[in-house]
Amino acid sequence: MEFTVKVNGERWDIDAAPADVLLDVLREKIGVKSPKIGCERGDCGSCTILLDGKTVRSCLVLAVEVDGQEITTVEGIGYEGLSQLQDLFISNNAFQCGFCAPAIVLSATELLDSNPNPTRHDVQEALAGNLCRCTGYEPIIEAVLAAAEGGAK
Amino acid sequence: MVIAKEFDYQRPTTLEEATQILAGHPGSARVLAGGTDLVAWLRDDAVAPDLVVDIKAIPDLHDIKIDGDTLHLGSLVTFSDLINSPIVSEHAPLLAEMAETVASTGIRNRATLVGNICSAVPSCDAGPVLLGYDTTVHMIGPDGTRSIDINDWFVGLRETACAGDEIVSHLTMKVPVHGGVYVKLMRYAGEDLAQAAVGIVAYPGDEYRVAFGAVAPTPIRSTRIEDALRSKPLDEKLIAEVVAMVADEISPIDDIRATAAYRTRICEVMLERGLPAARERLDGTGPAYGTRLI
Ligand code: FES
Ligand code: FES
């Protein structure tokens, strides 16, 4: 089946089978590798993308479903240099292996877009379900709170 | 891991067209809304349809409307929509309290309330809450529209009263003055299914609705507990009396997430804490919606 989707501002005409999952099409056909293959059942969050501005788990979306929609991944967010949020993740040493990082950047971006002054609880809620095996989450939460204070996007 | 079995995909733009497509594929088509259950099941080979009918291009199914004390929720309303809706927070904040316990933001942005009751797994979060209201499920099929009471909706494990050629268009719920709680035990926030859950709605005149999740093949209402509570002041003695009834009302199993004994005990605790909270919320004094009771 043929469909069209915008990925990080660029239009793609894709030919995929209905059974092809969006995560695989993004990685293999479009070449966007920041959404990671983790649990493939919606639990870990590592495949998170922004679909029309909202986080979704691309392992639970069929590629053909996104016909006409717009996808942003971390490649799109950092296109013109790192966002303030990304800078703060770095200065807080928020990640180690980085496997969870693209998804957490997107989830925190979504949070700050809708709620520029989140409480610690808001941040924890927004990031819940984005599993990180390395950090214990504290530096991640601190970085998002610091970004909020700095009026970051 | 890919989805092993190929299938066709159609995206109708009206409910009528969708039901015609379903009628042409008896027993072999599945309706796709948010997909958070369906895509996982396709991958697991738990379902293997020949055709997937995506209803997301059908307009009007996103509506959240209030008419008098009747709340209308379209079948594409997501859990995030419930959390963000001013109508829901004014007329039935219990729906938002429940929605906030569902998995993660990334799931809630996609998963629909109606899809949740159509999947009809025992831990379905919407079940114990919708059973607390006079809720009607409205469907459309080849022979026209049909409505069914939520009490007749859950037929068995992953089984509902909705026929294969029918599609749910919306729910209507009576939301007169009430106070409610949804208490859910899960191992951690962010992804876990309910190990056990209790939904309670208190109405004026000492009327209560009590329902449990994840402790039977379907979400279940306990009319025996409701009868025992009716028209009596909610004091410690009455609460102890109904808490003692819980073990007979539910039929939990041992599984990877909890033992039956633990599920029973925690249901007792959740009822014990939930009843006064629902009552106080009715009176306008209870803990804010969203406050976790366990
Ligand atoms: S890979 Fe999608 S949530 Fe884990
Ligand atoms: S930094 Fe390794 S998983 Fe989060």
Side-chain angles (χ1 to χ4, degrees), chain A residues 1 3 16-25 28 35 37-69 103-104 106-111 114-115 121-132 137, chain B residues 1-11 29-30 32-57 78-81 83-84 99-111 115 186-193 290-292:
Chain A
M1 274 187 84
F3 65 94
D20 289 347
V21 171
L22 179 59
L23 172 60
D24 300 323
V25 168
E28 303 309 327
I37 302 174
C39 65
E40 293 188 274
R41 49 185 316 111
D43 290 339
C44 75
S46 68
C47 64
T48 297
I49 58 164
L50 291 173
L51 182 62
D52 287 346
K54 289 183 184 166
T55 55
V56 305
R57 299 190 164 203
S58 63
C59 69
L60 293 183
V61 178
L62 303 175
V64 290
E65 287 182 71
V66 302
D67 183 20
Q69 291 188 281
I104 289 186
L106 295 176
S107 298
T109 301
E110 179 188 39
L111 169 71
S114 66
N115 177 2
H121 178 78
D122 293 337
V123 175
Q124 286 170 333
E125 282 294 314
L127 299 184
N130 283 99
L131 301 192
C132 174
Y137 304 99
Chain B
M1 215 175 32
V2 295
I3 295 174
K5 185 177 171 296
E6 291 291 329
F7 49 82
D8 289 329
Y9 170 88
Q10 293 203 38
R11 182 162 35 184
R30 295 290 301 216
L32 169 66
T36 51
D37 284 328
L38 185 62
V39 175
W41 293 355
L42 287 167
R43 194 182 253 121
D44 289 350
D45 244 347
V47 295
D50 295 327
L51 173 68
V52 166
V53 182
D54 185 353
I55 60 170
K56 285 193 292 297
T78 64
F79 289 107
S80 291
D81 292 337
I83 293 169
N84 296 326
E100 281 172 1
T101 72
V102 176
S104 55
T105 307
I107 296 284
R108 297 195 289 260
N109 282 343
R110 198 94 179 143
M186 47 188 169
R187 291 173 301 183
Y188 33 79
E191 63 172 281
D192 208 28
L193 301 175
T291 308
R292 305 253 158 100

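In this text the structure is predicted, and so the values were computed from the model without any measurement. A note on names: the letters A, B, ... follow the listed sequences, proteins ahead of strands, and every chain is numbered from 1.
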**Complete:** Highest number of heavy-atom pairs under 4.5 Å with chain B among A/L127, A/D67, A/L51 belongs to A/D67

**Prompt:** Would you say the side-chain atoms of B/K56 pair up with the backbone N or O of B/G34, donor to acceptor, closer than 3.5 Å?
**Reply:** no

**Prompt:** Looking at A/L106, A/L62, A/T48, which one has more heavy-atom pairs under 4.5 Å with chain B than the rest?
**Reply:** A/L62

**Asked** Yes or no on side-chain contact (heavy atoms from CB on, under 4.5 Å) for B/Q10 and B/L51, after CA distance, side-chain angles and deciding distance?
**Response** CA-CA 8 Å; B/Q10 293 203 38; B/L51 173 68; 3.8 Å; yes

**Prompt:** Which region of A/V64, side chain (C-beta onward) or backbone (N, CA, C, O), has a non-hydrogen atom less than 4.5 Å from a non-hydrogen atom of chain B, or is it both or neither?
**Reply:** both

**Prompt:** So which part of B/L38 gets closer than 4.5 Å to some heavy atom of chain A, the side chain, the backbone, both or neither?
**Reply:** neither

**Asked** Just by modelled atom types, is the B/R108 backbone N or O under 3.5 Å from a matching donor or acceptor in the B/S80 side chain?
**Response** yes

**Message:** Take a 6.0 Å sphere around CZ of B/R30 and say whether it holds more than 12 heavy atoms from other residues, nucleotides or ligands.
**Reply:** no

**Part of A/Q124 within contact of chain B (heavy atom distance under 4.5 Å)** = neither

**Request:** Among A/E40, A/M1, A/E110, single out the residue with the greatest number of heavy-atom pairs under 4.5 Å to chain B.
**Result:** A/E40

**Asked** Non-hydrogen atoms of chain A under 4.5 Å away: do they reach the side chain of B/D44, the backbone, both or neither?
**Response** side chain

**Complete:** Contacts of B/V2 meeting side-chain contact (heavy atoms from CB on, under 4.5 Å) (sequence neighbours excluded), chain-then-number -> A/D24

**Which atoms of A/L23 approach chain B - backbone, side chain, both or neither, heavy atom under 4.5 Å** = neither

**Message:** Taking every non-hydrogen pair under 4.5 Å, which of B/V52, B/D37, B/D8, B/L32 racks up the most with chain A?
**Reply:** B/L32

**Request:** State, yes or no, whether a side-chain contact exists between A/L60 and B/R110 at a heavy-atom distance under 4.5 Å.
**Result:** no

**Message:** Can you list everything that forms a side-chain hydrogen bond (donor to acceptor under 3.5 Å, both in side chains) with A/D20? Sequence neighbours excluded, please.
**Reply:** none

